[in-house]
Amino acid sequence: MQSPTRILRLDASANPAESASKQLGDRLLQKARLSSGEIDLRQRDLNQGLSFIDPSWVGANFTPADERSPEQRARLALSDELIGELQWADHIVLTTPMYNFSVPATLKAWIDLVCRAGVTFHYTPEGPVGLLEGKRVDIVITTGGVPLDSPVDFLSGYLRQVFGFIGLTDVNIVAADRMNVDAETSFSTAVDQIEQSFSAAA
Ligand SMILES: Cc1cc2nc3c(=O)[nH]c(=O)nc-3n(C[C@H](O)[C@H](O)[C@H](O)COP(=O)(O)O)c2cc1C
């Protein structure tokens with residue numbers, strides 16, 4: 001019997017109720033369920049429980065793993081857990097709005113916690129190389145007024161760069177951009193993109 005597809009869902013919107021990016025994430029998961037059969041789902045709201053890296057975190061990270069004190073290991077425990085989730089997943093679904101032309105601060109906090117030299121990427125004479133591989137990444141982006149891929153979209157290219165940096169290059173972006181201009185059209189365009197991305201993958 002085929003083992004279930006392991007899906008990690010990450011949500012960044014700070015909107016607790018009618019979040020468009022989370023609604024589209026629900027749609028995407030429905031399609032993933034239909035196309036993969038059985039799934040094993042882990043979900044994380046990035047607004048809950050994350051902390052920013054600080055001098056004690058950086059000091060712990062720069063200390064060789066076998067020399068870390070119990071306090072330093074504890075300082076890196078959340079980062080280890082988040083990276084463990086990424087390593088576990090076959091498929092990552094990230095939903096995020098644009099905040100001030102880029103990622104919400106909670107998503108940036110997550111990025112800082114999972115991009116770790118020697119763990120998710122390493123340096124080689126040819127430059128940094130990502131250490132994760134073989135995972136599909138779907139990113140749902142919503143914006144109020146900024147068009148995707150416009151000169152002031154510092155979100156979509158940045159996220160592609162970050163995932164590529166840790167080795168994940170199979171990145172599909174679904175966008176409901178300019179929601180404040182014509183929400184209905186933006187949303188239905190994104191739903192169509194979801195449909196197409198799964199029929200293309202089938
Ligand atoms: C704090 C904040 C900053 C925002 N900054 C931008 C922005 O820079 N550009 C933009 O197009 N929309 C911006 N928006 C609008 C959101 O991206 C948009 O409303 C999006 O649809 C929200 O997604 P959600 O419903 O999943 O939370 C901002 C919204 C908030 C709350």
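Every number for a ligand or one of its atoms is a count from 1 in the order of the listing.
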Asp170 backbone acceptor or donor facing Lys135 side chain under 3.5 Å: no
May I ask you to check whether Phe121 and Phe165 place their ring centres under 6.0 Å from each other? yes
For Arg68, I'd like to know if atom CZ has over 12 heavy atoms of other residues, nucleotides or ligands within 6.0 Å. yes
Distance from Asn172 atom CG to Phe198 atom CZ, nearest 0.5 Å? 8.0 Å
Mind jotting down which residue pairs meet the side-chain hydrogen bond (donor to acceptor under 3.5 Å, both in side chains) criterion with at least one end in residues 74-86? Sequence neighbours excluded, please. Arg44-Glu81, Arg44-Glu85, Asp54-Arg75, Ser56-Arg75, Ser79-Arg116, Asp80-Arg116
Ion pair Lys22/Asp26, N-O distance below 4.0 Å: no
Residues lining ligand 1 [heavy-atom distance under 4.0 Å, listed by chain and residue number]: Ser13, Asn15, Ser19, Ala20, Ser21, Pro97, Met98, Tyr99, Asn100, Phe101, Thr142, Thr143, Gly144, Gly145, Val146, Met179
